K.L.:
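Have a look at the structure that comes next, please.
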Amino acid sequence: LRDGTSLFYIRSHLPLADSFGLAHDLRSAASGQVLFHCAFSHWEQSEEDPFQEASLTAEELEELGENPLPPNIARKLIDAIRKRKGLATDEKVVKEATKQRTVTRMK
């Protein structure tokens, strides 16, 4: 809280991917009474490999079989960016299709 005012000054570091829509969320929660400023601070490289399946050996792939690798944070981030930009992802549209139903008109 700034002295003599009702303003709050908040300084923080957050990942860029989490900042999308933040200004809108803050303004809607405060009925538009928010001044929002965001500035780039620094880059930080992720420790995880987003394409870990490409670095697996033949034995490791055989061990996994049909079970896919669990998605890590780096891969989730890349997929979210690709979705936002309208690019293709590896996500399946139909996850468990057991039966296809079609709608027909009764004549």
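Just so you know, these numbers come straight off a predicted model, no measurement behind them.
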K.L.:
Please list all pairs meeting salt bridge (Lys or Arg N to Asp or Glu O under 4.0 Å) that have one or both residues in residues 67-79, counting only residues at least two apart or in different chains.
P.N.:
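Those involving residues 67-79 are E53-R75, R75-D79, R75-D90.
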K.L.:
Rounded to the nearest 0.5 Å, how far does CD1 of I78 lie from CG of N72?
P.N.:
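It is 8.5 Å, given to the nearest 0.5 Å.
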K.L.:
Report yes or no: do F36 and L14 belong to one cluster of Ile/Leu/Val/Met/Phe/Trp/Tyr joined by side chain heavy-atom distances under 4.5 Å?
P.N.:
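Same cluster: F36 reaches L14 through Ile, Leu, Val, Met, Phe, Trp or Tyr contacts under 4.5 Å.
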K.L.:
Using a 3.5 Å distance criterion without hydrogens, assess whether the side chain of R82 forms a donor-acceptor pair with backbone atoms of L87.
P.N.:
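No, R82 side chain to L87 backbone: no donor-acceptor pair under 3.5 Å.
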K.L.:
Compute both the distance and the angle, then confirm whether R84 meets the cation-pi test with F20: under 6.0 Å from the six-membered ring centre, within 45 degrees of the axis.
P.N.:
yes
K.L.:
Backbone N or O of A30 within a donor-acceptor pair of the Q33 side chain at under 3.5 Å?
P.N.:
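Absent.
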K.L.:
Please name the pair of heavy atoms, one in E48 and one in I73, separated by the smallest distance, quoted to 0.1 Å.
P.N.:
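Heavy atoms of E48 and I73 come nearest at OE1-N, 3.0 Å.
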K.L.:
Between H13 and H42, is there a side-chain heavy-atom distance shorter than 4.5 Å?
P.N.:
yes
